[in-house]
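All remarks here apply to the structure that follows.
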Amino acid sequence: MDVVVFGAGSLGSLVGGLLAREHQVTLVGRDPHVDAIATDGLRVDGEFEFLVRPDAVTSLPADVRADLAVVTVKADDTAAAASALADCDLRAALSLQNGMGNEATLAAHLDCPVLAGTCTYGALLAEAGRVTCTGVGEIALGPPEGGTAAEADEVGDAFERAGFETTVADDMPRRLWEKLAVNAGINATTALARVENGALLDGPAHAVATAAAREAARAAQAAGVDLPVADAAAAVEAVADATAANTSSMHQDVRAERRTEVDAINGYVADRAENAPVNRTLARLLRAWERSRGLR
Ligand SMILES: NC(=O)C1=CN([C@@H]2O[C@H](COP(=O)(O)OP(=O)(O)OC[C@H]3O[C@@H](n4cnc5c(N)ncnc54)[C@H](OP(=O)(O)O)[C@@H]3O)[C@@H](O)[C@H]2O)C=CC1
Ligand SMILES: CC(C)(CO)C(=O)C(=O)O
């Protein structure tokens, strides 16, 4: 497969690096990372140890043709990524981003089927030209509205051949909402409390994280998705346990003084639930912090 990975930061570099062992990959990212890959290749370490030499560019040339575009920018950059990809001749696109609404943004710009994905691999861009896999997880992908599609089978097959733990799923709406509930519970709570994910397993932040996830499950139910409230709270606990030593992506953003994905996570829940005081409060606090840093 010819694959464009748009957003060669932490996750995009890991996914692109793994795909490049089997497929023709072009990474779209920023210098100095792109320059280092073009010069010395991309090193993947941590749970893996290999060097690959994918193409790497800072912007896509006009009229690119590819079988697949994998989108791995932060949620706020999805619209810009979609318009950069709009002139390409693509057979399919796949979002592996956290937060809700990315597939709809891509579909509004792209003239190809857009697939939804959830990803539980952990990735950290360690330095220019080197990405660390901090945890092997799973990629689930399928049509965002659920059901099956030939493109999902083809993309799933391509990921499997590249060595990913892959599930082609016919229940992506439920999976997307469950991942949203997990991120709603863990990300903002850990970012504001400045704690690692494992600190949510007990102690004062546990109730905040599980309450945010329960609200997300109620918003899912209001959207017609069968996500039991107890399952959402249990998912937060299971992920906090499995990733206890992790600094969540939102906590990393706050540490690095970067704008967060709060609008696509807690903000999304707060806007869709009839009553979501915990998500609304978490979103307001994060937005207040972003405002104080000139990030919004
Ligand atoms: N990291 C992880 O382990 C996981 C991340 N995710 C999700 O994946 C998504 C990406 O996360 P992550 O990889 O950590 O984020 P990063 O910020 O590390 O990566 C995104 C990269 O895309 C670049 N980028 C954005 N717009 C453009 C553009 N127009 N042209 C070229 N490059 C661009 C960014 O550059 P710049 O910053 O300069 O704009 C950045 O380098 C998020 O939704 C996250 O929640 C999901 C599961 C695991
Ligand atoms: C699963 C979790 C919470 C792992 O840290 C994550 O997706 C994130 O940090 O964005």
Side-chain angles (χ1 to χ4, degrees), residues 4-17 26-34 37 46-47 56-60 69-86 94-103 105 116-126 128 131-140 176 178-191 195-200 209 212-213 235-266 268 295:
V4 169
V5 179
F6 200 102
S10 298
L11 184 63
S13 299
L14 175 64
V15 168
T26 302
L27 297 172
V28 186
R30 309 280 197 202
D31 281 333
H33 187 47
V34 161
I37 295 170
E47 298 286 334
V57 295
T58 52
S59 62
L60 281 171
V70 181
V71 179
T72 51
V73 295
K74 289 274 174 71
D76 278 342
D77 295 324
T78 307
S83 41
L85 286 164
L94 166 69
S95 163
L96 292 179
Q97 303 157 276
N98 281 334
M100 211 67 123
N102 295 302
E103 295 82 9
T105 304
T118 56
C119 173
T120 56
Y121 281 76
L124 192 64
L125 192 61
V131 63
T132 302
C133 178
T134 56
V136 172
E138 185 202 38
I139 288 181
L176 288 170
E178 184 172 306
K179 183 91 199 281
L180 184 72
V182 166
N183 290 131
I186 294 182
N187 292 25
T189 312
T190 52
V195 292
E196 272 52 66
N197 295 357
L200 306 183
V236 162
E237 287 169 348
V239 173
D241 191 27
T243 62
N246 266 32
T247 302
S248 77
S249 57
M250 203 175 283
H251 185 181
Q252 286 180 40
D253 287 340
V254 167
R255 270 192 189 168
E257 307 247 325
R258 288 188 300 248
R259 186 169 165 141
T260 72
E261 295 185 297
V262 71
D263 289 348
I265 300 178
N266 307 88
Y268 188 91
L295 299 169

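Excluded from the calculations below are hydrogen atoms, water molecules and symmetry mates; all remaining heavy atoms, backbone and side chain alike, are included. First listed ligand is number 1; within each ligand, the first listed atom is number 1.
Only backbone heavy atoms of Tyr121 (N, CA, C or O) come within less than 4.0 Å of ligand 1; its side chain stays farther off. Contact annotation: for Ser10 versus ligand 1, heavy atoms closer than 4.0 Å belong to both the backbone and the side chain. Of all the heavy atoms of Glu261, the ones lying under 4.0 Å from any atom of ligand 1 belong exclusively to the side chain. Contact annotation for Val73 and ligand 1: heavy atoms of both the backbone and the side chain come within less than 4.0 Å of the ligand.
Of the N or O atoms in Arg30, one or more lie within a sub-3.5 Å distance of an N or O in ligand 1. Any N or O atom pair closer than 3.5 Å counts here, and Asn98 shares at least one such pair with ligand 1.
Side-chain contact between Leu85 and Leu60: present, with at least one pair of heavy atoms (C-beta onward) separated by less than 4.5 Å. Counting heavy atoms from C-beta outward, Lys179 and Asn98 have side chains that approach closer than 4.5 Å. Side chains of Tyr268 and Asp263 form no contact here, defined as non-hydrogen atoms less than 4.5 Å apart. Counting heavy atoms from C-beta on, the side chains of Leu180 and Ile265 come closer than 4.5 Å. Side-chain contact check for Val5 versus Thr72: some heavy-atom pair is nearer than 4.5 Å.
Shown here, atom 37 (O) of ligand 1 is out of close reach of the protein: none of its heavy atoms lies under 4.0 Å off.
With hydrogens left out, the protein atom closest to atom 10 (C) of ligand 1 is Thr72 O, 3.2 Å, a heavy atom. If you check which protein heavy atom lies closest to atom 11 (O) of ligand 1, you get Lys74 CE, 3.8 Å. Nearest protein neighbour of atom 28 (C) of ligand 1, counting heavy atoms only, is Phe6 CE2, 3.6 Å. In terms of protein heavy atoms, atom 41 (O) of ligand 1 is closest to Gly9 CA, 3.6 Å.
The atoms of ligand 1 that sit less than 4.0 Å from any heavy atom of Asp77 are 25 (C). Ligand 1 places these atoms under 4.0 Å from at least one heavy atom of Ala123: 1 (N), 2 (C), 3 (O). Heavy-atom contacts of Gly122 reach the following atoms of ligand 1: 3 (O) (cutoff under 4.0 Å). The distance from ligand 1 to the heavy atoms of Gly7 drops below 4.0 Å at these ligand atoms: 21 (C), 22 (O).
Residue contacts with ligand 1 do not include Ala81, since none of its heavy atoms lies under 4.0 Å from the ligand. Residue Cys119 places a heavy atom under 4.0 Å from ligand 1. The closest approach between a heavy atom of Gly99 and any atom of ligand 1 is not below 4.0 Å. Residue Gly29 places a heavy atom less than 4.0 Å from ligand 1.
Remark: Thr134 OG1 to Glu47 CD distance equals 8.0 Å, nearest 0.5 Å. Between Arg259 atom CZ and Asp76 atom CG the span is 4.5 Å, to the nearest 0.5 Å. To the nearest 0.5 Å, the span separating NZ on Lys74 from CZ on Arg258 amounts to 4.5 Å. Glu261 CD to Met100 CE: the interatomic distance, rounded to the nearest 0.5 Å, is 13.5 Å. One finds the CG atom of Leu14 at 10.5 Å from the CG atom of Leu96 (value rounded to the nearest 0.5 Å). Taking CG from Asn187 and CD from Gln252, the interatomic distance works out to 10.0 Å, rounded to the nearest 0.5 Å.
Between the Thr120 side chain and the Glu138 main chain, a donor and an acceptor come within less than 3.5 Å of each other. No side-chain donor-acceptor contact under 3.5 Å links His33 to the backbone of Gly9.
Nearest approach of Val236 to Ala209, heavy atoms of both residues: CG1-CB, 4.1 Å. A pairwise comparison of heavy atoms in Leu200 and Gly185 identifies CD1-O, 4.2 Å as the closest pair.
Ligand 2 lies under 4.0 Å from heavy atoms of Asn98, Lys179, Asn183, Ile186, Asn187, Asn197, Val239, Asn246, Ser248, Ser249.
Thr78 and Asn102 form a side-chain donor-acceptor contact under 3.5 Å, judged by distance and modelled atom types alone.
The heavy atom nearest to atom 5 (C) of ligand 1, considering only Leu60, Leu124, Thr260, Leu11, is found in Leu11.
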